[in-house]
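Working notes for the structure below.
Keep in mind that this is a model prediction, so the values were computed, not measured.
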Amino acid sequence: AAGILVAFGQYTWKKLMRPKEFLDHVVEGGRSVIIRALIIIMAVTLGDVMKALPPEGLGTAQYIVDVTRPFIIPALVPAIVFVIRALVSFATGSSWGTWALMMPIAMPIALAAGVNPYLTAAAVLSGGAFGDQCGPISDTSVLSAIGANTDLIEHVRTQLPYALTAAFFALAAFLMAGGMGW
């Protein structure tokens, strides 16, 4: 609130914006923040519902652990988690939503397989960040394209080679770390 008041004073005093124009931007920005906050709240709630056992929740995490336990190769868990999270975040355009939804599923799988939980958490966080940085419906991509005054799809096309290069090295690191039992 203090920052908005200071900015209001500076923008109106320097005649960069009229007071009504500034307040319109504040309302629009607030609306955007509230929508993002609601998405995060819903994602965290959905994550809790998926994690909790019936009758309070769906027990999704335990179900996935039970189904995949015979097939889990512990050395591959961090890499697989990274790839799945990267795809989900790219498709949804949300890192926070991906983290909130996927952490309750990935951690029980990692613990059941005896995989380092810190490594698995890093895979979830890294995969979520990937899609948020280069996904075509990510707010980060949209705002970057607007800020650069370029077409959104062109911006995504220019970001993908860099993001995919970083993802490739991250995947290799998760494979190595998982193989070494870290």
Side-chain angles (χ1 to χ4, degrees), residues 33 35-144 153 155-182:
V33 168
I35 290 170
R36 301 293 188 267
L38 288 173
I39 289 170
I40 291 169
I41 289 168
M42 287 187 268
V44 169
T45 303
L46 183 58
D48 288 344
V49 168
M50 289 180 355
K51 182 173 64 175
L53 296 174
E56 292 84 19
L58 299 174
T60 305
Q62 187 60 47
Y63 173 76
I64 292 174
V65 168
D66 291 342
V67 168
T68 59
R69 187 172 301 201
F71 310 107
I72 292 177
I73 301 170
L76 297 179
V77 168
I80 291 170
V81 165
F82 171 74
V83 169
I84 291 171
R85 293 338 175 235
L87 293 173
V88 170
S89 67
F90 186 83
T92 63
S94 171
S95 58
W96 286 92
T98 301
W99 296 334
L101 284 171
M102 302 303 180
M103 196 68 79
I105 295 172
M107 295 312 289
I109 291 171
L111 294 173
V115 176
N116 183 335
Y118 298 113
L119 184 60
T120 304
V124 172
L125 296 174
S126 300
F130 168 82
D132 189 40
Q133 291 303 309
C134 64
I137 60 172
S138 166
D139 56 349
T140 306
S141 295
V142 171
L143 292 175
S144 296
I153 300 305
H155 172 71
V156 169
R157 284 182 6 148
T158 61
Q159 294 302 302
L160 273 176
Y162 300 107
L164 290 172
T165 301
F168 172 77
F169 285 110
L171 179 61
F174 284 122
L175 284 169
M176 287 190 309
M180 293 180 185
W182 288 350

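The two residues A79 and L171 make their nearest non-hydrogen contact at CB-CD1, 3.6 Å. In terms of heavy-atom proximity, C134 sits nearest to L160 at SG-CD2, 3.8 Å. For the residue pair G178 and P78, the shortest heavy atom distance occurs at CA-CG, 4.3 Å. Closest non-hydrogen pair, M103 versus P108, comes out as O-CD, 4.2 Å.
Two residues are said to be in side-chain contact when any heavy atoms from C-beta on lie closer than 4.5 Å; S138 and F90 fail this criterion. Taking 4.5 Å as the limit, every side-chain heavy atom of F130 sits out of range of all side-chain heavy atoms of T98.
Judged by distance alone, the side chains of D132 and S89 never bring a donor and an acceptor atom under 3.5 Å apart.
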Taking only distance into account, with no hydrogens and no angle test, what donor-acceptor pairs under 3.5 Å do side-chain atoms of residues 63-77 form with protein atoms, sequence neighbours excluded?
| from | atom 1 | to | atom 2 | distance (Å) |
| --- | --- | --- | --- | --- |
| D66 | OD1 | Q62 | NE2 | 2.8 |
| T68 | OG1 | I64 | O | 2.6 |

Let me have the donor-acceptor pairs involving side chains of residues 118-126, under 3.5 Å, with sequence neighbours excluded, atom names and distances please.
| from | atom 1 | to | atom 2 | distance (Å) |
| --- | --- | --- | --- | --- |
| T120 | OG1 | N116 | O | 3.2 |
| S126 | OG | A122 | O | 2.8 |

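To the nearest 0.5 Å, atoms CH2 (W96) and CG (D139) are separated by 12.0 Å.
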For side chain to side chain contact (heavy atoms under 4.5 Å, CB included), just list the numbers for S144 and H155, CA-CA rounded to whole Å, side-chain angles, deciding distance to a tenth of an Å, and then say yes or no.
CA-CA 8 Å; S144 296; H155 172 71; 3.4 Å; yes
